[in-house]
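Right, one structure below, let's go through it.
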Amino acid sequence: MLVVLSSFLLNTLYTYLFDQKKMEVLTSANIIASMISENFTDEYINHRLPQMPLEKNARAIVVNTESIVIYDSYKETSIKDKTFINYAITDALSSDAKNISNAYKENGSWFIDAAVPIIKNTRTIGAVYLIQSGDSTESIILHIRNALFMLGGLIVVFVGIFSASMASILTLPIERFTKFINNMPKESLQHVPVNSRDEIGQLAIAFNSLIDRMAELEDKRRTFVSNASHELKTPLSIIKLLSDSLIQTENPDPDFIKEFLSDMNKEVERLTRIIEKLLDMTQMDSSALSMQFIHTDVRELVQEVCDKLVPLAKNKGITLTLNQPDGEVILPIERDTLTEAIYNIADNSIKYTESGGSVTMSVSRDLGNVYIAVSDTGIGIPKEEVQKIFDRFYRVDKARARETGGTGLGLSIALDAVKLHNGHIEVKSEEEAGSRFTIALPYSEEPQEEV
């Protein structure tokens, strides 16, 4: 940019100064021609012109119509009385009587010349040729050029130092950030210090947020692996203990064998339930892309779930009721996953409700949501435990869960299924008074095509 700008300025300066100089020389030649046009004699010209001030290194020549020199201000190599012909004088003495001014370079030096016709009574009687050195003009331009080069050099140095300093200032936090990340121990995740509120600071905050999410995921992974291992290990340990007891018992009683085999069968069924739940949960994590949403009457879906749970409720002596609106409640849903979610919540309510209690299922809607609620009169959930009940393998009462065969995965699977429908689950519970789980699914009044 500096080179282009400097070249443009110098070219403009060359043109302007030499145009001004050509105008000055042409003006001086016109003054001389005007002065001697009324008395065009050798005596007057040789007497009057030496009195005129000319610039240093300027030369004035007067010729007649035959190009014979009448006056030459340069005495050392005067060409007076000689024929002097060049393109400028030829044009000035032509019938067109042109004023000519030009700047040219010869032998490394600049010259400016001008030729003006001497006219008397509309007739050309001679011409004035004025030439002077342009070195003074060129020296001005060279001086300005050197000043521009010096200024440009200073600007380049200043900009270079400034750019290097700014680059160092800007990249230093990034270098520190990168070094911190590279030196972070693999076995532990650490927060990067936030020392500013600029873009680097925002990047550090975002990185720390990512570290927090990764740490949370890592904790969940470890908890999941630990709980899954524990859940799978417990029935296997019981089966191992029972089988060892049978092996070590000589001539066991058939009733004794039957009882042990029955216990072992229960543990196998428990193992099967745990594995099935784990498979359901894995499929739920990866089914979002393959799910097919079909417009379905939610009332029919809830009725099917209720019918499946009626035998379980009767066996425990629990009253299971269903309340539904009269009109259709159509929603685009993935039938299997939503059925699993409703079933797990209702099944959980029945398991944790004592004999003689009740479980109520209901469907309702407002302007923007469809609600599927399951209320029970069970043992309830402590307030501090409500936020944890959807964690995988988490159980509020582990002893009771052991009795009922719970795996701690049902509510987690239910929440994942509801989230796949862009919904959420609300929980209200009070210890020894019961709980209410509400599935909220958003819907639009506009008709939708099946997906």
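Worth knowing before you read on, the calculation uses all heavy atoms, side chains too, and leaves out hydrogens, waters and symmetry mates.
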Does anything in residues 243-264 pair up under ring-ring contact (aromatic ring centres under 6.0 Å, His included), and if so which pairs, sequence neighbours excluded?
-> Phe256-Phe260
Calculate, to the nearest 0.5 Å, the distance between atoms CG and CG belonging to Leu10 and Leu5 respectively.
-> 9.5 Å
Side chain Asn11, main chain Ser7, donor-acceptor under 3.5 Å = yes
Roughly how far apart are Glu431 CD and Ile381 CD1, rounded to 0.5 Å?
-> 9.5 Å
Which atom of Val310 lies closest to which atom of Leu320, heavy atoms considered | N-CD2, 3.9 Å
Would Asn265 and Glu269 count as having a side-chain donor-acceptor pair, cut-off 3.5 Å?
-> yes
Give the C-alpha distance, both sets of side-chain angles, the deciding distance and a yes or no for side chain to side chain contact (heavy atoms under 4.5 Å, CB included) between Val116 and Tyr129.
-> CA-CA 7 Å; Val116 176; Tyr129 178 76; over 6 Å; no
Decide side chain to side chain contact (heavy atoms under 4.5 Å, CB included) for Thr438 and Ile425; before the verdict, give the C-alpha distance in whole Å, the side-chain angles of both, and the deciding distance to 0.1 Å.
-> CA-CA 6 Å; Thr438 304; Ile425 301 177; over 6 Å; no
When you look at OH of Tyr16, are more than 12 heavy atoms from neighbouring residues, nucleotides or ligands closer to it than 6.0 Å?
-> no
Just by distance, with hydrogens left out, do Ser375 and Thr360 show a side-chain donor and acceptor under 3.5 Å apart?
-> no
Is it true that the side chains of Ser429 and Ser435 contain a donor and an acceptor less than 3.5 Å apart?
-> yes
Measure the spacing between CG of Asn344 and NZ of Lys351 and express it to the nearest 0.5 Å.
-> 8.0 Å
What are the two closest heavy atoms between Gln324 and Arg299, and how far apart are they?
-> OE1-CA, 2.8 Å
In terms of side-chain geometry, is the basic nitrogen of Asp19 or Lys22 positioned less than 4.0 Å from the acidic oxygen of its partner?
-> yes
Side-chain donor or acceptor of Ser34 paired with backbone N/O of Ile31 under 3.5 Å = no
What one should report as the nearest heavy-atom pair of Val329 and Arg365 is CA-NH1, 4.1 Å
Do the non-hydrogen side-chain atoms of Ile350 and Lys316 ever get within less than 4.5 Å of each other?
-> yes
Should Ile294 and Ile333 count as side-chain neighbours, where that means a heavy-atom distance under 4.5 Å?
-> no
Note: Glu340-Arg335 ion pair, threshold 4.0 Å (strictly below) | no
With the side chain counted from C-beta on, respond yes when Tyr343 and Lys308 share a heavy-atom pair under 4.5 Å apart, and no when they do not.
-> yes
What residue pairs, at least two apart or across chains, pass ring-ring contact (aromatic ring centres under 6.0 Å, His included) with a residue in residues 360-389?
-> none
Angle class for the Phe293/His421 ring planes (parallel below 30°, perpendicular above 60°, tilted otherwise)?
-> perpendicular
With a 4.5 Å heavy-atom cut-off, do Tyr14 and Leu9 have their side chains touching?
-> no
Close side-chain approach of Val370 and Ile439, heavy atoms under 4.5 Å | no
Is a donor on one side and an acceptor on the other found under 3.5 Å between the side chain of Thr272 and the backbone of Val268?
-> yes
For the residue pair Asn369 and Tyr443, confirm or rule out a side-chain donor-acceptor distance under 3.5 Å.
-> no
Are any side-chain N or O atoms of Ser243 and backbone N or O atoms of Lys240, one a donor and one an acceptor, separated by less than 3.5 Å?
-> yes
Kindly give the heavy-atom pair with the smallest separation between Ser358 and Thr353, and that separation in Å.
-> N-CG2, 4.0 Å
For the residue pair Val359 and Val374, establish whether any side-chain heavy-atom pair is separated by less than 4.5 Å.
-> yes
Flag, side chain of Thr12 to backbone of Phe8, donor-acceptor distance under 3.5 Å | yes
With rounding to the nearest 0.5 Å, note down the distance linking CG in Leu338 to CG in Leu441.
-> 6.0 Å
Qualifying residues under side-chain hydrogen bond (donor to acceptor under 3.5 Å, both in side chains), relative to Glu430, sequence neighbours excluded = none
Is there a donor in the side chain of Ser349 and an acceptor in the side chain of Asp376, or the other way round, less than 3.5 Å apart?
-> yes
Under 4.5 Å between any side-chain heavy atoms of Met361 and Ile342, yes or no?
-> yes
Are any of the side-chain heavy atoms of Asp347 and Leu312 separated by less than 4.5 Å?
-> yes
Taking all non-hydrogen atoms of both residues, which atom of Val363 and which atom of Pro325 are closest, and how far apart?
-> O-CD, 3.0 Å
Rounded to the nearest 0.5 Å, the CZ atom of Phe207 sits from the CD atom of Gln202 at a distance of 15.5 Å
Distance-minimising heavy-atom pair for Cys306 and Leu322 = SG-CB, 4.1 Å
How far does CG of Asn107 sit from NZ of Lys105, to the nearest 0.5 angstrom?
-> 11.0 Å
Determine, step by step, whether Leu130 and Leu26 satisfy the side chain to side chain contact (heavy atoms under 4.5 Å, CB included) criterion, reporting the C-alpha distance in whole Å, the side-chain angles of both residues, the deciding distance to 0.1 Å, and the verdict.
-> CA-CA 8 Å; Leu130 188 61; Leu26 187 60; over 6 Å; no
Starting from the C-alpha separation in whole Å, work towards a yes-or-no answer on side chain to side chain contact (heavy atoms under 4.5 Å, CB included) for Asn57 and Gln132.
-> CA-CA 6 Å; Asn57 297 326; Gln132 68 181 52; 5.7 Å; no
